[in-house]
Amino acid sequence: MILYGNEVAKAIEERSLALIQDKTPVLAIVRVGENPSDLSYERGLTKRCEKMGVTIKNVVFPLDVDVDTFYASIDELNQDKTVHGILMFRPLPKNLDNERARNAIAPEKDVDGCTDGSLAGVFTNTNKGFAPCTAQAVMECLDYYNIDVTSKNVTIVGRSLVVGKPLAMMMTSKNATVTLCHTKTKNLKEACQRADIVVVATGQMESMGASYFRQGQTVIDVGINFNETKQKLCGDVLFEEVEPIVENITPVPKGIGSITNSVLVYHVCQACSQSN
Ligand code: NDP
């Protein structure tokens, strides 16, 4: 089965609408500079938010913004009761200190799940703050398609703070047995072959073909890469080779990427419904 993301996104949107009812959630998007990929992501997200009745507040700074001005604005957004969620495009220019910026957002408004507080909530399974959206998108996808992770062997390839690490904890909380792989992992093929569920988030375009997989597996491809030769978006898994072998696989595009934004909007709606 091909696990399409749009159906999952639709279900999450319905949950979001049920949360807000007559309230108007507000998401502040903080951007420094005019990076084309930030702008393109912002356009897509704005469209999604408009559809969902979420108001966007754009907070834009020039690349040479003064450090104090920048952090004073984040503080203002933290205090502003009309703003429910804050999304900050990163990486930021070096003088703004990415680590400081990541933790500058108030936990209750950290809808992108980037602060240490939100990550601690994921690690302790206490629902403090919000989980990183992509990691949650993977869990939502499995849940929607009734793929239970309990007692399953799950191999995650990629250990970033936005995908692999939090996902390993979320899977563990759901009683999966997790193997977390990275560039120093020995016998990656073996780790993938023995898993019931393989999640790939390496950023290495179409680098995992048939030899990594076997029949009966579920493969979740988080990767989003632009293939210049094929002139289209591709995943980290070589879909054409892997899809005929495994039981379930997410496509790219129309897979996990389609779910991530709706998880972000869901978080904004949650933050709004929890606010006074
Ligand atoms: P990072 O570059 O931050 O992390 C990549 C991870 O993959 C690292 O842990 C790295 O290991 C590991 N890795 C890289 N190459 C290999 C390899 N050959 N074998 C084993 N492990 C490897 O990437 P992100 O986590 O930010 O993103 C991963 C992918 O997911 C990208 O394609 C990105 O575009 C996509 N993405 C998709 C989103 C969505 O909404 N669908 C959102 C965010 C990202 P090491 O730690 O040793 O360097």
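Fair warning: this is a prediction, and the values are worked out from it, not measured in the lab. One-based numbering, in listed order, for ligands and for the atoms of each. FYI, the numbering just counts along the sequence from 1.
- Between Leu167 and Met139, the closest side-chain pair of non-hydrogen atoms falls below 4.5 Å.
- The single protein non-hydrogen atom nearest to atom 5 (C) of ligand 1 is Thr202 O, 3.5 Å, given as residue, atom name and distance.
- Aromatic ring pairs are classed by plane angle as parallel below 30°, tilted from 30° to 60° and perpendicular above 60°; the pair Phe70 and Phe61 is perpendicular.
- Side chain to side chain, Thr218 and Asn248 meet the donor-acceptor criterion of an N or O pair below 3.5 Å.
- For atom 16 (C) of ligand 1, the closest heavy atom belonging to the protein is Thr183 CG2, 3.6 Å.
- Of all atoms in ligand 1, listed by their number and element, those nearer than 4.0 Å to a heavy atom of Gly203 are 28 (C), 29 (C), 31 (C), 32 (O).
- At most 12 heavy atoms of other shown residues, nucleotides or ligands fall within 6.0 angstrom of atom NZ in Lys254.
- Counting heavy atoms closer than 4.0 Å to ligand 1, residue Val163 contributes side-chain atoms (C-beta onward) but none from N, CA, C or O.
- Looking at Phe213 and Glu241, their side chains never come closer than 4.5 Å, going by heavy atoms from C-beta outward.
- Counting protein heavy atoms only, atom 26 (O) of ligand 1 is closest to Val162 CG2, 3.7 Å.
- Arg194 and Glu190 are joined by a salt bridge, as a carboxylate oxygen and a charged side-chain nitrogen come within less than 4.0 angstrom of each other.
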Under the side chain to side chain donor-acceptor pair (under 3.5 Å) rule, what do Gln274 and Gln270 come out as? Steps first, then yes or no, please. CA-CA 6 Å; Gln274 285 159 12; Gln270 270 185 312; 5.3 Å; no
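- Residue Asn225 approaches ligand 1 through these ligand atoms, each under 4.0 Å from one of its heavy atoms: 32 (O).
- By the 6.0 Å contact criterion, NZ on Lys230 is enclosed, its count of non-hydrogen atoms from other residues, nucleotides or ligands being greater than 12.
- The shell of residues lying under 4.0 angstrom from ligand 1, judged by heavy atoms, includes Ala201.
- In this structure, atom 2 (O) of ligand 1 has no protein heavy-atom contact shorter than 4.0 Å.
- At a heavy-atom distance under 4.0 Å, atoms from both the backbone and the side chain of His182 approach ligand 1.
- Taking every heavy atom of Val157 and a limit of under 4.0 angstrom, the matching atoms of ligand 1 come to 20 (C), 21 (N).
- The two atoms that bring Val60 and Glu34 nearest to each other are CG1-OE2, 4.1 Å, heavy atoms only.
- Which parts of ligand 1 touch Ser160 is read off a 4.0 Å heavy-atom cut-off, strictly below it: atoms 3 (O), 4 (O), 9 (O), 24 (P), 25 (O).
- Counting only heavy atoms of the protein, atom 40 (O) of ligand 1 lies nearest to Thr260 OG1, 2.8 Å.
- Of all atoms in ligand 1, listed by their number and element, those nearer than 4.0 Å to a heavy atom of Gly158 are 6 (C), 7 (O), 9 (O), 12 (C).
- Across the listed options Thr134, Ile156, Val252, Thr134 owns the non-hydrogen atom lying nearest to atom 42 (C) of ligand 1.
- For ligand 1, the atoms closer than 4.0 angstrom to any heavy atom of Val222 are 30 (O), 35 (C), 36 (N), 37 (C), 41 (N).
- Few gaps surround CZ on Phe89; more than 12 heavy atoms of other groups in view lie less than 6.0 Å from it.
- Where the criterion is an N or O separation shorter than 3.5 Å, residue side chain and backbone included, Arg159 meets it with respect to ligand 1.
- Ion pairing of Asp116 with Arg102 is present here, as a side-chain N (NZ or NE/NH1/NH2) and a carboxylate O approach within less than 4.0 Å.
- Within the listing of ligand 1, atoms 19 (N), 20 (C) sit less than 4.0 angstrom from a heavy atom of Leu188.
- Heavy-atom distances between Thr185 and ligand 1 stay at or above 4.0 Å for every pair.
- Near Gln204, with a cut-off below 4.0 Å to any heavy atom, the atoms of ligand 1 are 15 (N).
- Residues Lys128 and Pro107 have side chains not in contact (no heavy-atom distance under 4.5 Å, counting atoms from C-beta outward).
- Residue-to-ligand polar distances place Ile224 within reach of ligand 1: an N/O pair is separated by less than 3.5 Å.
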